[in-house]
Amino acid sequence: MPGFSDRDRGRDRGYGSGPPRFGGGGRGGGGGGKFGNPGDRLRKKHWNLDELSKFEKNFYQEHPDVNRRSPQEVTQYRSTKAVTVKGRDCPNPIMKFHEASFPTYVMDVINKAGWSEPTPIQAQGWPLALSGKDMVGIAQTGSGKTLSYLLPAIVHINHQPFLERGDGPICLVLAPTRELAQQVQQVAAEYGRASRLKSVCVYGGAPKGPQLRDLDRGVEICIATPGRLIDFLEAGKTNMRRCTYLVLDEADRMLDMGFEPQIRKIVDQIRPDRQTLMWSATWPKEVRQLAEDFLKDYVQINVGALQLSANHNILQIVDVCNDGEKEDKLLRLLEEIMSEKENKTIIFTETKRRCDEITRRMRRDGWPAMGIHGDKSQQERDWVLNEFKFGKAPILIATDVASRGLDVEDVKFVINFDYPNNSEDYIHRIGRTARSQKTGTAYTFFTPNNMRQASDLVAVLREANQAINPKLLQMADRGGHSRGGRGGSGFRDDRRDRYSSGGRRDFSSFRDRENDRGFDSGPKKVFGTNSQSGGYGASGFDKSGNGFGGYGSNGQSNYGTSQAGAFPTQNFQAPQFSANQGGIQNGMSHQQFPFTQQQAPQPMVPYSMPPQFPQ
DNA sequence: AAAAAAC
């Protein structure tokens with residue numbers, strides 16, 4: 001493979017026959033000692049960019065097939081895939097995996113995974129990252145983002161001299177949550193294995209010992225949450241002297257969580273001639289500022305994400321109701337979901353306390369549910385997540401600790417028990433389903449307390465061609481300003497204002513007392529084709545706005561009994577649910593709740609109690 | 001008013 005042959009060969013003989021050795025010569029044919037003593041480089045006043053990224057700069061010459069793409073072809077690709085590019089000298093996208101010219105040790109893993117073509121962010125991001133330039137990627141999770149930066153990282157590392165004793169990582173990835181960091185590390189381990197790269201996940205809440213051992217042994221890739229890494233850096237347990245490839249994953253999220261000082265502290269220690277890649281789901285001015293400070297002459301790639309945009313493979317259903325109704329509604333909904341064959345479900349709550357309450361309630365009713373939030377020990381969090389991942393317990397109840405990045409295959413349903421504080425979180429939460437070309441369904445309870453998010457949500461639903469609950473539209477009308485008109489670029493700019501402005505509004509006047517009383521109002525063929533809701537466009541809701549909240553006076557399952565065609569979503573087959581044939585009838589009224597232990601539906605999946613964790 | 005993250 002042109003351009004990589006030196007390195008490949010270098011690895012195949014001699015160098016590759018064992019793990020990279022401390023004190024060994026340079027990696028591949030680069031000539032030992034070029035960077036022999038990283039300390040020397042640190043002492044230099046001027047940073048020699050040319051030396052470091054010679055490989056990256058040669059990328060174009062080595063891959064004429066990528067460059068030769070005609071401008072028309074590029075334009076067409078970018079427009080059909082809704083990819084926009086901003087910045088100087090952005091290489092053309094690749095359209096097939098082989099065009100990326102990854103070395104065989106990477107291609108083998110790609111081939112084994114059996115994907116058909118690169119995702120848009122990969123198609124554009126790979127050549128860009130491989131060319132050595134700084135970049136910003138604006139893309140949703142689930143878009144193939146992790147591999148977009150990890151594979152070029154692996155190539156980059158393989159073109160650097162071997163680690164020597166005392167060297168820190170060559171590639172650093174910063175992530176907002178521990179779970180995300182662990183996940184990224186798993187991918188890094190999988191793809192780095194073939195070229196014998198070692199990786200470590202540095203995060204809090206877990207014993208330091210193993211992490212320190214890994215660092216001490218020498219790791220090329222370090223994935224970290226900021227706190228523990230700073231801890232280690234300050235204690236001199238690791239260093240950033242060798243770090244030349246920096247990734248900030250979920251940058252917007254990290255800023256939200258107030259990590260900015262920590263991030264700056266870490267990045268200040270990383271040599272300025274590094275390559276920096278920043279990833280974010282949104283592009284508010286805080287993130288722009290961070291990019292200005294940390295990146296040089298960067299190219300920005302957007303994948304249809306500058307405006308609020310959710311994955312179109314998700315069927316989104318919003319139930320406008322009152323807070324008091326939510327719990328019963330949830331149990332009924334769950335009953336239907338659990339009669340499905342594929343039923344992996346995440347339920348999001350606003351608070352940790354609520355998360356615990358719901359978990360307790362569900363378990364009391366016999367559901368195989370488990371909770372996860374930030375007050376639980378890391379040991380328990382890991383355990384719960386694994387049980388969920390491997391299907392031992394199909395119901396996960398979570399706070400926003402799990403809203404982003406979490407990549408569990410086959411999540412078919414997301415339920416927003418509480419609507420999140422901001423609409424990006426809504427998009428991230430529902431994005432836990434319908435991953436990698438699959439489809440999924442998101443149910444959302446929306447109450448008058450969420451009024452100020454109504455217009456955002458409507459915008460999201462519109463963009464995804466979803467049927468919109470007229471009650472929600474009503475709330476959006478009365479709910480005041482919409483962010484939609486601002487063109488999206490400043491999506492979270494007004495965050496602080498919204499949180500601190502004035503006193504709380506009194507929403508009671510908006511309550512629709514007639515319809516919010518219970519389960520009993522109105523005709524119930526919810527998603528039928530009764531489009532007398534004229535004013536509401538293509539919406540399949542009836543006038544009462546009972547999106548999926550009306551429970552079966554006609555004995556029909558109202559959750560998702562969607563006739564094909566009721567949803568104008570393109571390229572999407574609305575899931576067909578059978579009416580529940582189980583012991584609990586759909587037409588039952590809410591007075592019969594709560595379930596007793598005996599009545600409770602049996603879990604679909606054998607479920608064992610979690611081990612006892614220390615409080 | 002809440003969530004996450006270092007001890």
Side-chain angles (χ1 to χ4, degrees), chain A residues 141 173-184 200-212 215 222-238 248-266 281 286 323 346-359 371-382 384-385 396-406 416-429 432 447-453 492 495-505 507:
Chain A
T141 47
V173 179
L174 289 177
T177 66
R178 299 165 183 173
E179 277 76 11
L180 179 58
Q182 293 177 53
Q183 214 167 261
V184 172
V200 65
C201 189
V202 167
Y203 59 98
K208 290 179 178 175
Q211 297 175 11
L212 285 174
L215 284 171
C222 172
I223 296 100
T225 51
R228 178 64 65 89
L229 181 63
I230 289 179
D231 194 5
F232 283 172
L233 285 171
E234 284 177 345
K237 304 290 187 191
T238 187
L248 304 172
D249 204 352
E250 305 272 4
D252 52 347
R253 178 63 159 181
M254 291 202 280
L255 291 184
D256 266 6
M257 289 164 56
F259 280 166
E260 185 166 354
Q262 287 98 315
I263 295 172
R264 288 187 182 277
K265 200 165 175 179
I266 294 167
E286 293 88 351
D323 282 304
I346 305 182
I347 301 166
F348 283 103
T349 63
E350 191 54 37
T351 65
K352 291 178 278 204
R353 199 178 137 190
R354 189 85 110 143
C355 175
D356 283 335
E357 284 167 7
I358 301 284
T359 309
I372 185 169
H373 60 64
D375 274 359
K376 293 195 185 282
S377 73
Q378 193 57 40
Q379 193 196 7
E380 184 169 356
R381 278 164 64 169
D382 292 345
V384 164
L385 204 56
L396 182 71
I397 299 144
T399 59
D400 278 320
V401 69
S403 65
R404 296 199 184 205
L406 194 77
N416 288 299
F417 185 81
D418 302 309
Y419 193 80
N421 281 323
N422 61 73
S423 296
E424 294 111 306
D425 282 338
Y426 171 79
I427 287 165
H428 282 289
R429 285 176 174 189
R432 294 318 96 209
T447 73
N449 285 328
N450 308 123
M451 175 85 82
R452 56 177 88 186
Q453 315 286 345
R492 205 196 273 110
R495 180 183 175 81
R496 203 158 295 133
D497 310 345
R498 277 188 288 132
Y499 290 170
S500 59
S501 70
R504 291 180 63 79
R505 279 179 254 177
F507 294 121

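Computation of the quantities below employed the complete heavy-atom set of this structure, encompassing side-chain atoms and omitting hydrogens, waters and symmetry-equivalent molecules. Letters go in sequence order (proteins before strands), and every chain restarts at 1. What you see is a predicted model; the values in this text were computed from it and never measured.
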Visitor: Does any part of the side chain of Asp356(A), heavy atoms only, come nearer than 4.5 Å to the side chain of Lys376(A), both counted from C-beta?
Guide: yes

Visitor: Indicate whether OP1 or OP2 belonging to dA4(B) is found under 4.0 Å from a side-chain N or O atom of Lys352(A).
Guide: yes

Visitor: Any salt bridge linking Arg429(A) with Asp400(A)? Criterion: basic side-chain nitrogen under 4.0 Å from a carboxylate oxygen.
Guide: yes

Visitor: If you only use heavy atoms from C-beta on, which nucleotide in dA4(B), dA3(B), dA6(B) is closest to the side chain of Thr351(A)?
Guide: dA3(B)

Visitor: Does Asn421(A) make a side-chain donor-acceptor contact with the base of dA1(B), cut-off 3.5 Å?
Guide: yes

Visitor: Rounded to the nearest angstrom, tell me the gap between atom CG in Asp323(A) and atom P in dA1(B).
Guide: 15 Å

Visitor: Whether the side chain of Arg381(A) engages the backbone of Ile372(A) through a donor-acceptor N/O pair (distance < 3.5 Å, no angle test) should be reported.
Guide: no

Visitor: Please state how far atom CG in Asn422(A) lies from atom C1' in dA1(B), giving the value in whole angstrom units.
Guide: 14 Å

Visitor: Return the value, rounded to whole Å, for the distance between atom NE2 of His373(A) and atom C1' of dA1(B).
Guide: 16 Å

Visitor: Leu174(A) CG to dA4(B) C1': how many Å, rounded?
Guide: 15 Å

Visitor: Atom CD of Glu350(A) to atom P of dA2(B): distance rounded to whole Å?
Guide: 9 Å

Visitor: In whole angstrom, give the distance that lies between atom NZ of Lys376(A) and atom C1' of dA5(B).
Guide: 18 Å

Visitor: Which nucleotide wins on minimum distance to the side chain of Thr177(A), given the candidates dA6(B), dA3(B), dA5(B)?
Guide: dA5(B)

Visitor: Within the pair Arg178(A) and dA5(B), is there a side-chain N or O less than 4.0 Å away from OP1 or OP2?
Guide: yes

Visitor: The side chain of Asp231(A) is closest to which nucleotide in this list: dA4(B), dA5(B), dA6(B)?
Guide: dA6(B)

Visitor: Just the rounded figure in Å: distance from C1' of dA2(B) to CZ of Phe348(A).
Guide: 15 Å

Visitor: Would you please confirm or rule out a distance under 4.0 Å between OP1 or OP2 of dA3(B) and any side-chain N or O of Arg354(A)?
Guide: no

Visitor: So, OP1 or OP2 of dA4(B): does either fall under 4.0 Å of a side-chain N or O from Thr399(A)?
Guide: yes

Visitor: Any donor and acceptor pair, going by atom type alone, linking the side chain of Glu250(A) with main-chain N or O of Ala281(A) inside 3.5 Å?
Guide: no

Visitor: If you measure from the Lys or Arg side-chain nitrogens to the Asp or Glu carboxylate oxygens, is any gap between Arg353(A) and Asp375(A) under 4.0 Å?
Guide: no

Visitor: Grab the CD-C1' distance between Glu179(A) and dA5(B) for me, whole Å please.
Guide: 11 Å

Visitor: Nearest of dA2(B), dA6(B), dA5(B) to any side-chain atom of Ile230(A)?
Guide: dA6(B)

Visitor: Please classify the nucleic acid contact of Gly258(A) as base, sugar-phosphate, or nothing, using heavy-atom distances under 4.0 Å.
Guide: nothing

Visitor: Counting just side-chain N and O atoms, does Thr225(A) come under 4.0 Å of either OP1 or OP2 of dA6(B)?
Guide: yes

